[in-house]
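As structure tokens, the structure follows; a few thoughts come after it.
We count residues from 1, following the sequence as given. The figures that follow rest on heavy atoms only: side chains count, while hydrogens, waters and symmetry mates do not.
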Amino acid sequence: MTYTSSKLLTFEEFIAQYGDNTRYELIDGELRDMEPTGPHEAVAGSIAGKIYVEIFNSNFNWLIPKNCLIKPPAAEATALRPDVIVLDKSELNKEPLWQKEPIICNGSTIKLVAEVVSNNWQDDYARKVEEYAFLNISEYWIVDFRGLGGLQFIGNPKQPTFTVCQLVNGVYQQKQYRLGDTISSYLLPNLQLKLDDIMYQ
């Protein structure tokens with residue numbers, strides 16, 4: 001991840017210049033180049049596919065948009081771009097920007113977010129944990145398929161780790177899974193998933 005500009009941007013400037021460019025997100029006015037790689041995008045696509053099967057099989061009224069930004073209401077110059085986001089279709093009519101732009105402002109519209117960890121692992125394990133909890137997003141997945149996160153987050157030795165954050169009383173309770181473990185999701189109780197299934201080979 002790189003910071004591409006020393007000039008701070010407003011949310012509106014970011015949308016005008018980079019809203020359609022999936023490489024970038026904005027955190028506290030700083031433009032972040034997420035530098036997506038092929039393996040990163042392949043893992044994100046696999047996760048979206050696994051979730052979509054569960055949505056279809058369970059007949060949930062949810063969708064997974066191709067591109068989507070989150071504008072946290074308490075952060076003026078922030079536009080987060082999750083790797084995978086699951087939205088509640090029934091809540092979209094309450095979104096003030098959705099009809100014109102793929103931007104979500106209300107946490108109640110978001111069922112789940114997943115971030116595939118890359119070089120910006122600090123954002124995924126710290127800043128976004130806070131932002132997504134503040135938005136009351138019930139489940140947040142941190143998919144660290146290369147074991148990039150800091151030792152305080154994924155342990156020593158570093159290894160591929162899938163962290164499920166479940167919101168309990170406004171705070172995420174985190175459970176980590178390694179290769180070979182069956183991942184448990186409160187939101188998707190019938191999900192059959194292991195980190196091995198989505199690893200980029």
Legend entry - Asp181 side chain vs Ile183 backbone, donor-acceptor pair below 3.5 Å: no
Inset, instruction - List the steps and the verdict of side-chain contact (heavy atoms from CB on, under 4.5 Å) for Leu195 and Arg178. - result: CA-CA 7 Å; Leu195 184 52; Arg178 313 291 188 187; 5.9 Å; no
Inset, instruction - For Gln173, look at atom CD and say whether over 12 heavy atoms of other residues, nucleotides or ligands are found less than 6.0 Å away. - result: yes
Inset, instruction - Locate the shortest heavy-atom distance separating Glu101 from Ile15; write the atom from each residue and the value. - result: OE2-CG2, 3.5 Å
Legend entry - Separation between CD of Gln176 and CZ of Phe153, rounded to the nearest 0.5 Å: 10.0 Å
Legend entry - Inter-residue atom distance Tyr18.OH - Leu26.CG, 0.5 Å rounding: 10.0 Å
Legend entry - Charged N-O contact under 4.0 Å between Glu30 and Lys7: no
Legend entry - Approximate separation, where rounding is to 0.5 Å, of Asn190 CG and Ser58 OG: 5.5 Å
Legend entry - N/O donor-acceptor pair under 3.5 Å between Asn106 side chain and Lys94 backbone: yes
Inset, instruction - Determine whether the side chains of Gln166 and Ser138 contain a donor N or O and an acceptor N or O closer than 3.5 Å. - result: no
Legend entry - pair Val116-Ile47: side-chain heavy atoms closer than 4.5 Å: yes
Inset, instruction - Answer yes or no: is there a donor N or O on one side and an acceptor on the other, between the side chain of Asp83 and the main chain of Ala44, under 3.5 Å? - result: no
Legend entry - hydrophobic_cluster_shared for Ile55 and Leu193, side chain cutoff 4.5 Å: yes
Legend entry - Expected output: side-chain Glu139 to main-chain Leu187 donor-acceptor under 3.5 Å: yes
Inset, instruction - Over all heavy atoms of both residues, which pair between Leu191 and Ser185 is shortest? Give the atoms and the distance, please. - result: CD2-CB, 4.2 Å
Legend entry - Cation over ring face, Lys194 and Tyr177, 6.0 Å, 45°: no
Inset, instruction - Just do the side-chain contact (heavy atoms from CB on, under 4.5 Å) check on Phe11 and Thr78 with the steps written out, would you? - result: CA-CA 6 Å; Phe11 177 81; Thr78 296; over 6 Å; no
Legend entry - Worked verdict on Thr37 versus Ser118 for side-chain contact (heavy atoms from CB on, under 4.5 Å): CA-CA 9 Å; Thr37 64; Ser118 53; over 6 Å; no
Legend entry - Verify same cluster id: Ile104, Tyr140 (apolar side-chain graph, 4.5 Å): yes
Inset, instruction - Step through the shown structure and confirm whether more than 12 heavy atoms of other residues, nucleotides or ligands are within 6.0 Å of CG on Asn93. - result: yes
Inset, instruction - Spell out, yes or no, whether Ile85 and Ile198 are grouped together once hydrophobic residues are joined by side-chain heavy atoms under 4.5 Å, including indirect joins. - result: no
Legend entry - Heavy-atom closest pair, residues Arg127 and Ile27: NH1-CG2, 3.3 Å
Inset, instruction - Indicate yes or no: at least one non-hydrogen side-chain atom of Thr10 is less than 4.5 angstrom from one of Glu13. - result: yes
Inset, instruction - Examine Leu80 and Val84 and state if one hydrophobic cluster contains both, with Ile, Leu, Val, Met, Phe, Trp and Tyr joined whenever side-chain heavy atoms are less than 4.5 Å apart. - result: no
Inset, instruction - Step through the shown structure and confirm whether more than 12 heavy atoms of other residues, nucleotides or ligands are within 6.0 Å of CD on Gln159. - result: yes
Inset, instruction - Indicate yes or no: at least one non-hydrogen side-chain atom of Leu87 is less than 4.5 angstrom from one of Trp98. - result: yes
List the atom pairs, donor and acceptor, that lie under 3.5 Å between side-chain atoms in residues 142-152 and the rest of the protein, sequence neighbours left out.
from, atom 1, to, atom 2, distance (Å)
Asp144, OD1, Gly147, N, 3.0
Asp144, OD1, Leu148, N, 2.7
Asp144, OD2, Tyr125, OH, 2.8
Asp144, OD2, Leu148, N, 3.2
Asp144, OD2, Gly149, N, 2.8

Inset, instruction - Would you confirm whether Asp88, through its side chain, and Ser90, through its main-chain N or O, come within 3.5 Å as a donor-acceptor pair? - result: yes
Inset, instruction - Write down the atom of Asn67, the atom of Pro102, and the distance for their closest heavy-atom approach. - result: O-CB, 3.5 Å
Legend entry - 4.5 Å side-chain heavy-atom contact, Ser184 and Lys175: no
Inset, instruction - Indicate whether the side chain of Thr109 and that of Glu95 have a donor and an acceptor atom separated by less than 3.5 Å. - result: yes
Legend entry - For Ile137 against Gly107, the heavy-atom pair lying closest together: CG1-O, 4.4 Å
Legend entry - Nearest-0.5 Å distance that lies between atom CG in Asp124 and atom OH in Tyr132: 7.5 Å
Inset, instruction - Could you grab the distance from atom CG of Leu179 to atom CG of Asp197, nearest 0.5 Å is fine? - result: 10.0 Å
Inset, instruction - May I ask you to decide whether Lys128 forms a salt bridge with Glu130, counting only side-chain N to carboxylate O separations under 4.0 Å? - result: no
Legend entry - Pair Arg81-Thr22, side-chain donor/acceptor within less than 3.5 Å: no
Inset, instruction - Take Leu63 and Tyr52 through the side-chain contact (heavy atoms from CB on, under 4.5 Å) test and state the conclusion after the steps. - result: CA-CA 8 Å; Leu63 63 87; Tyr52 182 76; over 6 Å; no
Inset, instruction - Kindly compute the distance separating CG (Leu167) from OH (Tyr172), expressed to the nearest 0.5 Å. - result: 5.5 Å
Legend entry - Heavy-atom closest contact (Cys105 atom, Pro73 atom, distance): O-CD, 3.8 Å
Legend entry - Beyond-backbone contact of Ile110 with Val86, side-chain heavy atoms, under 4.5 angstrom: no
Legend entry - Sub-4.5 Å side-chain heavy-atom contact between Glu25 and Arg32: yes
Inset, instruction - Could you state whether Val113 and Leu135 fall into the same hydrophobic cluster, counting links through intermediate Ile, Leu, Val, Met, Phe, Trp or Tyr residues with side-chain heavy atoms under 4.5 angstrom apart? - result: yes
